[in-house]
2 protein chains.
Amino acid sequence: MDILNNHNGFYIDLYELTMAQGFFYAGKHEEPAAYDYFFRDNPFGGGYVIFTGLWDLLKSLEHFHFSGDDIAYLKSQGFKKDFLDYLSSFRFTATINSVREGEIVFPLEPVLRVTGTMVECQLVETILLNYLNFESLIATKASRIRRIAGKRAVSDFGLRRAQGLGGLQASRAAIIGGVDATSNVLAGYAYGAQITGTLAHSWVQSFDDELTAFRQYANVFPENTVLLVDTYDSLKQGIPNAIRVGRELKEKGYQLKAIRLDSGDLAFLSKKARKMLDDAGLPDTKILVSNQLNEYVIRSLLEQGAPIDGFGVGTELITGKSTAALDGVYKLAMNNDEPKLKISDTFEKISLPGVKKVFRYFDDAGLFYADCIALEEETNPHRMHHPHEVAKKCHLEGMTKESLFHRVFENGAIVEATNDTQAIKQYASQRLARLPIEHQRFEMPHIYKVGLSDQLNNLRNQIVEKLRKTI
Amino acid sequence: MDILNNHNGFYIDLYELTMAQGFFYAGKHEEPAAYDYFFRDNPFGGGYVIFTGLWDLLKSLEHFHFSGDDIAYLKSQGFKKDFLDYLSSFRFTATINSVREGEIVFPLEPVLRVTGTMVECQLVETILLNYLNFESLIATKASRIRRIAGKRAVSDFGLRRAQGLGGLQASRAAIIGGVDATSNVLAGYAYGAQITGTLAHSWVQSFDDELTAFRQYANVFPENTVLLVDTYDSLKQGIPNAIRVGRELKEKGYQLKAIRLDSGDLAFLSKKARKMLDDAGLPDTKILVSNQLNEYVIRSLLEQGAPIDGFGVGTELITGKSTAALDGVYKLAMNNDEPKLKISDTFEKISLPGVKKVFRYFDDAGLFYADCIALEEETNPHRMHHPHEVAKKCHLEGMTKESLFHRVFENGAIVEATNDTQAIKQYASQRLARLPIEHQRFEMPHIYKVGLSDQLNNLRNQIVEKLRKTI
């Protein structure tokens, strides 16, 4: 839809614009500010998130603007002339520091930080949350499916059940999270991913009988024949017909690449199918399955010893079922060089003040041990505090550490970020391999340590105390 | 993203293209065909679906094409020259008959029918399912929230938690389903919807204190001041400060439009707030609430007598929680003038053969009574059969009826469909008012009658019998 390109500043909640106008007339619009992007809960009851969506966000911010049409529309909605004049030449020139796309991140820590004027920080909130929350959710879901499938192939089959045009970002995220291939041709084209797909039931139905349908397909694609065997009856008809075509291909020097089971009990049918294929001299023909799969169904199939070589995962992957959305938020942390926080009756929900960054600490085996949130000027925190359990501390002295933040956007342009989806995917995979397995399990995963440096902890407590006195 | 416009034929599952190439070399690509779009289960455990997404789909089909870049990419993926030559000049010229956008529809009945060549019908499957499944899901969710909220205002606040660029379609669907306003400025611009939004916590935090923040906002927007009162403490500070500003506005001849509660117990707080506002002489200041709302939470709030005037609904509306996706499918019904169906071990999952349409029957009060699926040539079915319980029949003689299908697309262009979102919304609302309330309740709704005409029932049974004999 053209409209998404031509009006990219309009992919915004109205209140960003009303606040911008308010800041403008209150004379605050050019005050320096800092905002943090972070989330509070891991999705899927899991132990981590793969940070995804950064490139799409930065690319969009390079072009962030309001067109003449946009300005006219805002005028019709009651916005004022001086502000609209300001908005019509608005460009996003704030600085963004962020963890790398594909990084493994955890609740409460800043994942990305925007520093700039009050108005430019505020105006990008909606698009930032929209892109980062969604892609991170789907990449994380994909990584769970990837892990449980082991070395077996996993394909994204989700486009038909994806959320409208969000399906392109969903497939991108699924690739970064670890799927091997996608049915989404545009995602293959855009992200250099392997694309996958052969035939549907309609192919089989459109011929007089299944055997003819299979033969015709093998005739056109002798090197890439994957036959969907459940149009009529998998055991009685589909697999026997596939075997017949498999043998005919063999005679011509080809090989039936795979069959696909798409209904019925996939554990039972895959075992039967494997034996039938082996007995027929087609041991190299693979068995692929699809139909309402998720990480739990795949785990169950494999626990039952189902001889499955690949999984096509659709709805549950592409919609991030059953977490509706990553709960990422974007909170003011500094305004006019004053650290700011959002207070709450619940101590866990108080946001962290000041311009911050994150250090990651490693154990002796090089695995992730803990993340410490510190103020920008800190170089070497000695210990960290639990974010809301006051007595809990953790010593960090002498441990190997890494600063996770990188400057990715400056002066209106991307400075250090990659659009190489395959490289992001590889990075995510390497980083996930360094996350101890107990944080990756599905049931009650071990909680990864995230804490506050002494300095940040003191700052937060001082401000909270002061604010509570005023109430 | 430009890529979605420049490659609209690529928003497709690969297997549509491999099948198209197969049909091409099997000489079947220009054979006449018919496909049906239908779904099997109502979402949210409800009793109906609002059909939505038609205009977006048709608009996309008018432009459906493969660019030179697309063709080059497909060549690199092993597609063959003759087929690619054919594809490079491909345009979608099939005929689409459909129920009106905004119509109330039910499981198993065809909602939309595509008749054209085998290849053109097949190639649009993915985009059709993507658009129609998603928008119909969200419109249906919105209608549930709309119904339970009664005359109170409902706003879509979901963009930040929407699925990437799918958020535009989601807001469109939410509008059609019945929300009064949206925070999504692009949706307001594109669909003529009311937009809504005032201020966030960051506004309040950026001033030295809450009272100053409220005053500054009221100063810039005296006619549209809605104050978010939970940044520090709703009862002790937020509401008293809002009242002070409300009185100051009153003195200047304005009125504090509303306060918004965004955390804490919304039933408890709204009652307290109402009393405080009334006691302060601000009885016309409304109370709006937000924070993880859905139709059940809203029902509970109202059952408790919470004096709430409007609801801002985000994540759960915009993601269609907790149904991940509408399970709409697209099945071959005719090829080369032969009726086709997809058989299954489960009788319910057998698709319906032939070129079909749908009649809707009305009771004496003009309410929806039953839908009868018939063959295209039928004019007046006398009775209908339950789709899979053999003995169940329903007499239709003498009842008022309406044919639900309209020709909406022909010769590459839209012929009878509207892009007037407000008109579609109004139609949906009028039609929903004619659906008996027992089909609209949330718990175990009464199942709406959908059946097969004598002719269709006979045709289906004959084909099933014949196919089962061959297995």
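Because the structure is a prediction, the values reported are computed rather than measured. Labels below follow one simple rule: chain letters A, B, ... track the order of the sequence lines, proteins then strands, and each chain is numbered from 1.
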*With only heavy atoms counted, which part of A:I127 is less than 4.5 Å from chain B, the side chain, the backbone, both or neither?*
neither
_Part of A:D69 within contact of chain B (heavy atom distance under 4.5 Å)_ = both
*Just by modelled atom types, is the A:L74 backbone N or O under 3.5 Å from a matching donor or acceptor in the B:Y189 side chain?*
no
*Within a strict 4.5 Å, meaning less than it, do heavy atoms of the A:H201 and B:L332 side chains meet?*
no
*What residue in A:R161, A:E31, A:M118, A:Q237 has the most heavy-atom pairs under 4.5 Å with chain B?*
A:R161
*asked:* Looking only at heavy atoms and a cut-off of under 4.5 Å, which of A:A325, A:S206, A:G22 has the most pairs with chain B?
replied: A:S206
*Under 3.5 Å: donor-acceptor pair, side chain of A:K321, backbone of B:A324*: no
*Per-residue contact mode, A:K80 against chain B (heavy atom under 4.5 angstrom)*: side chain
*asked:* Could you measure the distance from the OG atom of B:S263 to the NZ atom of A:K349? Nearest 0.5 Å is fine.
replied: 6.5 Å
*Is it the backbone or the side chain of A:T470 that comes under 4.5 Å from a heavy atom of chain B, or both, or neither?*
both
*Does A:T18 reach the side chain of B:Y217, with side-chain heavy atoms less than 4.5 Å apart?*
yes
_To check you understand the geometry: which heavy-atom pair defines the closest contact between B:H7 and A:L186, and what is its length?_
CB-CD1, 3.7 Å
*What part of A:E338 is in contact with chain B, defined as an atom under 4.5 angstrom from a non-hydrogen atom: side chain, backbone, both or neither?*
side chain
*Select one option (side chain, backbone, both, neither) describing which atoms of A:N184 are under 4.5 Å from chain B's heavy atoms.*
both
_Within the 4.5 Å heavy-atom criterion, are B:L165 and A:Y131 side-chain neighbours or not?_
yes
_For the interface with chain A, which of B:D70, B:N224, B:T315, B:D327 has the highest count of heavy-atom pairs at distances below 4.5 Å?_
B:D327
_Beyond-backbone contact of B:L128 with A:R160, side-chain heavy atoms, under 4.5 angstrom_ = no
*Quick one: of B:G188, B:A33, B:S76, B:S60, who has the most non-hydrogen atom pairs under 4.5 Å with chain A?*
B:G188
*asked:* Let's test your reading of the structure: which of B:G164, B:G264, B:G166 forms the most heavy-atom pairs below 4.5 Å with chain A?
replied: B:G164
*Does A:Y11 use its side chain to pair, donor to acceptor, with the backbone of B:L168 at less than 3.5 Å?*
yes
*Count the heavy-atom pairs under 4.5 Å between each of A:N8, A:T319, A:V185 and chain B, then report the option with the highest count.*
A:V185
*asked:* Counting heavy-atom pairs under 4.5 Å with chain A, which one of B:L199, B:L17, B:I138 comes out on top?
replied: B:L199
_Under 4.5 Å from a heavy atom of chain B, the part of A:E16 involved_ = side chain
*Which bit of A:L467 comes within less than 4.5 Å of chain B, counting heavy atoms only: side chain, backbone, both or neither?*
side chain
*Which bit of A:E125 is near chain B, if near means a heavy-atom gap under 4.5 Å: side chain, backbone, both or neither?*
side chain
_Looking at chain B, which one of A:G53, A:G328, A:A170, A:G78 has the largest number of heavy-atom pairs inside 4.5 Å, strictly under?_
A:G328
*Interatomic spacing from CD in B:Q205 to CE in A:M334 - rounded to 0.5 Å*: 13.0 Å
*Quick one: does A:Y25's side chain get under 4.5 Å of B:N219's, heavy atoms only?*
no
*Relative to chain B, which segment of A:N335 carries a heavy atom at a distance below 4.5 Å: side chain, backbone, both, or neither?*
side chain
*Heavy-atom side-chain contact between A:I195 and B:Y73 under 4.5 Å*: yes
*Interface residue of largest heavy-atom contact number with chain B, from A:L129, A:V220, A:N130, under 4.5 Å*: A:N130
*Given that the side chain runs from C-beta out, which part of A:I318 has a heavy atom under 4.5 Å from chain B: side chain, backbone, both or neither?*
neither
_Using 0.5 Å steps for rounding, measure from the OG1 atom of A:T182 to the CG atom of B:D13._
7.5 Å
*Report the distance from atom CH2 of B:W203 to atom CD of A:Q122, rounding to the nearest 0.5 Å.*
9.5 Å
*Against chain B, label A:K331 side chain, backbone, both or neither, depending on which of its atoms sit under 4.5 Å from a heavy atom there.*
side chain
*Part of A:F23 lying under 4.5 Å from any heavy atom of chain B*: both
_Do B:K28 and A:F207 make a side-chain contact, defined as non-hydrogen atoms from C-beta onward lying under 4.5 Å apart?_
yes
*Toward chain A, the part of B:E316 with a non-hydrogen atom under 4.5 Å*: neither
_Under a 4.5 Å cutoff for heavy-atom pairs, which residue among B:L326, B:I12, B:L341, B:N133 has the most contacts with chain A?_
B:I12
_Contacting moiety of A:Y232, where chain B heavy atoms sit under 4.5 Å_ = both
*Between B:T126, B:T196, B:L159, B:D233, which shows the greatest number of heavy-atom pairs under 4.5 Å with chain A?*
B:L159
*Can you tell me if B:K340 uses its side chain to pair, donor with acceptor, with the backbone of A:S202 under 3.5 Å?*
no
